Peer 1: 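Input: one structure, supplied below.
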2 protein chains.
Amino acid sequence: MSGSEFSSQVDISSLKVACKDCNLYQLCLPLGLENDDLERLDSIIKRRRPVKRHAFLYQSGDIMKSIFAVRSGSFKSYTLTDDGTEQITGFSLPGELIGLDAISSGQHISTAKALEMSHVCEIPFEKLEELSNAIPGLQRQLLRIMSKEIAHDQSAILLSKKSAEERLACFIISLVNRYEARGFSAKEINLTMSRVEIASYLGLAVETVSRVFSRFQQDGLMSVNRRSIEINKIDKVHILAGTKPSTN
Amino acid sequence: MSGSEFSSQVDISSLKVACKDCNLYQLCLPLGLENDDLERLDSIIKRRRPVKRHAFLYQSGDIMKSIFAVRSGSFKSYTLTDDGTEQITGFSLPGELIGLDAISSGQHISTAKALEMSHVCEIPFEKLEELSNAIPGLQRQLLRIMSKEIAHDQSAILLSKKSAEERLACFIISLVNRYEARGFSAKEINLTMSRVEIASYLGLAVETVSRVFSRFQQDGLMSVNRRSIEINKIDKVHILAGTKPSTN
DNA sequence: TTTATGTATTGATTCAGATCAATGATCTAG
DNA sequence: CTAGATCATTGATCTGAATCAATACATAAA
């Protein structure tokens, strides 16, 4: 009844979760850390306010002071062409780090925008650098995460050789794998991005994305209703994508 | 006259260069290190034998024990499709690190093959990890290099939205920028990769690459003779590529 | 409810680039 | 030096996806 601690109950409850209690622990930066080390990492992390749908986490050109870990929700990263068109370079899901591309220049080269109401942990980069020097396990995990991002981006480069169907299949498989790793259902996906955004990421026209979704549905691979997708024949999607079932 | 130290003069002379005397110092891992630190890094690096044209540096599936710095020459990195087609994910020039994508899984996910007679420095990864924990400047530089690779790969992702002309222009600009940073002429380029390899990287057919080169030549942007290219109107190439002159 | 307004689907037409095909140039092995 | 292989260029045709265009659906506002 006193009110204040309930006034924004949801936010506070999620904001207060420490790394050790976070269900993303095994995916995120703290993986492998224990006790003291974990708490030291915890102590430099700022739990940020929720990020509203369509709000920026940072914009292209901003000085990079922090990187961010997605706690909940999702983000898109993009740059703009001369004529102002968004060119999406990636989507970020819970447990993933955003902003790693800015370390080298110290400035963000892309813009990160929330696709839905989201929460992030802000990790001041200077402190992270210091700390990962003091904690070998943290350095190790940071390098691994960056390496994983490199590997992921390289597999995205291969998209440009593929047909529209292959591209969309690859995209869906990537989402499924990532959601699975986070303990979400692999069968039902709720897309948080629009067709336009998917098209931009895959280098296709919106209409093509829409058509391919329809074709996938006709062929019984999945049921598609706007942004909710139920996958019926994941093995066939894997075949289309040209990925072995279980690649991450 | 005693012989042995001259028996393979060229190799030895290049193999013996320490980091501090290497002309790639400012591009490579040692950047920012001095004296002791530099020598400690130097001490873990193995100068490898020259890598012959078409020889593998590592193959997909190999355990990742080391990463490599290109000292001279060039490499392509690729994966194979089910039907055995090479899918090139990148080219590596002197001063660049190869194998960073394997840190996360501990296994190489791509194959690296020399495009010409090349030299590399082999950097045992475990030792590098240890050492970069002891030397803050080294950790810093390693993170920067990985971040740069992420940024580079993300710009390559954008290729899939571009036309054939834009793709080839981007490719040429990228080469020019990288060669320039290494002190080579920006006007004359000697491609070390075939048209097939360029096509694979850009997601185009060989014939298209060839045709676009011809068109560039007709339009007076550059003189193209097989693998040697002389760029006449770099600003126009930049416009095509959609990059500001001087982006790196 | 009706009216917007953004988002998604579907159809008709066009076009950039793939594919098929042939020739020429360069390189390598004998 | 020649024969065969590899690599690059150019032309003709075909096709997958872009573009143009219209409609449907959904969410929000009036």
Side-chain angles (χ1 to χ4, degrees), chain A residues 52-54 76 81 83 85-88 113 115-117 159-172 189-219 221-230 240, chain B residues 52-54 76 81 83 85-88 113 115-117 159-172 189-219 221-230 240:
Chain A
K52 287 213 186 87
R53 184 170 137 93
H54 294 163
K76 63 176 172 182
T81 54
D83 63 327
T85 316
E86 269 183 30
Q87 301 197 285
I88 293 181
K113 196 178 207 177
L115 291 171
E116 58 189 317
M117 163 69 84
L159 286 179
S160 70
K161 287 130 201 147
K162 305 197 184 208
S163 71
E165 291 198 350
E166 289 169 326
R167 289 185 203 198
L168 192 58
C170 283
F171 175 69
I172 292 168
I189 296 185
N190 249 299
L191 300 176
T192 59
M193 65 291 288
S194 69
R195 296 288 190 269
V196 175
E197 286 159 344
I198 296 172
S200 169
Y201 178 64
L202 296 177
L204 297 170
V206 210
E207 297 92 327
T208 304
V209 172
S210 202
R211 271 185 258 269
V212 174
F213 266 127
S214 300
R215 222 177 300 156
F216 282 174
Q217 172 151 264
Q218 276 167 29
D219 299 349
L221 301 189
M222 56 190 74
S223 314
V224 182
N225 189 282
R226 298 224 139 201
R227 298 198 178 182
S228 70
I229 292 180
E230 188 181 348
L240 266 179
Chain B
K52 289 213 185 86
R53 184 169 137 94
H54 294 163
K76 63 175 172 183
T81 54
D83 63 326
T85 317
E86 269 182 31
Q87 301 197 284
I88 293 181
K113 197 178 205 177
L115 291 170
E116 60 190 314
M117 163 69 84
L159 286 179
S160 70
K161 288 132 200 146
K162 304 196 185 210
S163 72
E165 290 196 353
E166 289 169 326
R167 291 186 201 195
L168 193 59
C170 283
F171 176 70
I172 291 167
I189 295 184
N190 249 299
L191 300 176
T192 59
M193 66 291 289
S194 69
R195 295 289 190 268
V196 176
E197 286 159 344
I198 296 172
S200 169
Y201 178 63
L202 297 177
L204 298 170
V206 209
E207 296 93 329
T208 304
V209 172
S210 202
R211 271 184 259 268
V212 174
F213 265 128
S214 299
R215 224 176 299 158
F216 282 174
Q217 172 151 265
Q218 277 168 28
D219 298 349
L221 302 188
M222 57 189 74
S223 313
V224 181
N225 191 282
R226 298 226 137 200
R227 299 199 178 181
S228 70
I229 292 182
E230 189 180 347
L240 267 179

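Only this structure's heavy atoms are used, side chains among them; waters, hydrogens and symmetry mates stay out. Just so we're clear, the structure is a prediction, and the values are computed from it rather than from any experiment.
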Peer 1: Shortest non-hydrogen contact from A:C170 to A:K162?
Peer 2: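 Nearest pair, atom of A:C170 first, then A:K162: SG-NZ, 3.8 Å.
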Peer 1: NA contact type, B:A205, heavy-atom cut-off 4.0 Å: base, sugar-phosphate, or nothing?
Peer 2: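 Since a base atom lies under 4.0 Å of B:A205, the category is base.
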Peer 1: In whole Å, what is the span from the CD atom of B:E165 to the C1' atom of C:dC15?
Peer 2: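 Distance, rounded to whole Å: 14 Å.
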Peer 1: Where each residue is assigned the nucleotide of DNA chain D containing its nearest heavy atom, which of B:R53 and B:Q218 is assigned the position nearer the 5′ end?
Peer 2: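 Its nearest nucleotide being more 5', the pick is B:R53.
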Peer 1: Rounded to the nearest Å, what distance is computed from the CE atom of residue B:M193 to the C1' atom of nucleotide D:dC7?
Peer 2: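 Interatomic distance, CE of B:M193 to C1' of D:dC7: 15 Å.
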Peer 1: Rounded to whole angstroms, how far apart are CG on A:N225 and P on D:dA26?
Peer 2: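 Distance, rounded to whole Å: 7 Å.
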Peer 1: For residues A:E166 and A:L240, report the shortest heavy-atom separation together with the two atoms involved.
Peer 2: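 Shortest heavy-atom contact: CG-O, 3.4 Å.
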Peer 1: Taking all atoms of both residues into account, what is the closest heavy-atom pair of B:K161 and A:I88, and its distance?
Peer 2: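 Minimum heavy-atom separation between B:K161 and A:I88: NZ-O, 3.1 Å.
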Peer 1: For B:R215 and D:dG11, what is the distance between atoms CZ and P respectively, to the nearest whole Å?
Peer 2: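 To the nearest whole Å, that distance equals 12 Å.
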Peer 1: Rounded to whole angstroms, how far apart are NZ on B:K161 and P on D:dA18?
Peer 2: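 B:K161 atom NZ is separated from D:dA18 atom P by 12 Å.
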Peer 1: Between C:dA16 atom C1' and B:E166 atom CD, what is the distance in whole Å?
Peer 2: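 So the CD-C1' distance, B:E166 to C:dA16, works out to 12 Å.
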Peer 1: Once you round it to whole Å, what is the distance between P of D:dT10 and CZ of B:R195?
Peer 2: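 So the two atoms are 10 Å apart, to the nearest Å.
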Peer 1: With sugar-phosphate meaning primed atoms plus P, OP1 and OP2, does A:S210 contact a base, only sugar-phosphate, or nothing at under 4.0 Å between heavy atoms?
Peer 2: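 Base, at least one base heavy atom under 4.0 Å.
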Peer 1: In terms of side-chain heavy atoms of B:S194, which of C:dA18, D:dC7, D:dT10 is nearest?
Peer 2: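 My answer, after comparing the listed nucleotides, is D:dC7.
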Peer 1: Below 4.0 angstrom from OP1 or OP2 of D:dA8, is there any side-chain N or O of B:R227?
Peer 2: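 Looking at the OP1 and OP2 atoms of D:dA8, one of them is under 4.0 Å from a side-chain N or O of B:R227.
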Peer 1: Any donor-acceptor pair, under 3.5 Å, between the side chain of B:R211 and the base of D:dG11, if you only look at N and O atoms?
Peer 2: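 Answer is yes: a donor-acceptor pair is held.
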Peer 1: Is there a donor-acceptor pair closer than 3.5 Å between any side-chain N or O of B:R167 and the backbone N or O of B:L159?
Peer 2: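 Yes, the answer is positive, given that a donor and an acceptor are paired below the 3.5 Å cut-off.
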Peer 1: Name the nucleic acid region contacted by A:R226, choosing base, sugar-phosphate or nothing; use a 4.0 angstrom heavy-atom cut-off, strictly under.
Peer 2: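 Base, at least one base heavy atom under 4.0 Å.
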Peer 1: Would you mind telling me which of D:dC20, C:dG17, C:dT9 lies closest to the side-chain atoms of B:T208?
Peer 2: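 For the B:T208 side chain, the nearest candidate turns out to be C:dG17.
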Peer 1: What is the distance from CD of A:E207 to C1' of C:dA8, rounded to the nearest Å?
Peer 2: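 Taking atom C1' of C:dA8 as the reference, CD of A:E207 is at 10 Å.
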Peer 1: Please check if the side chain of A:S214 supplies one atom and the backbone of A:S210 the other of a donor-acceptor pair under 3.5 Å.
Peer 2: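 A pair under 3.5 Å: yes.
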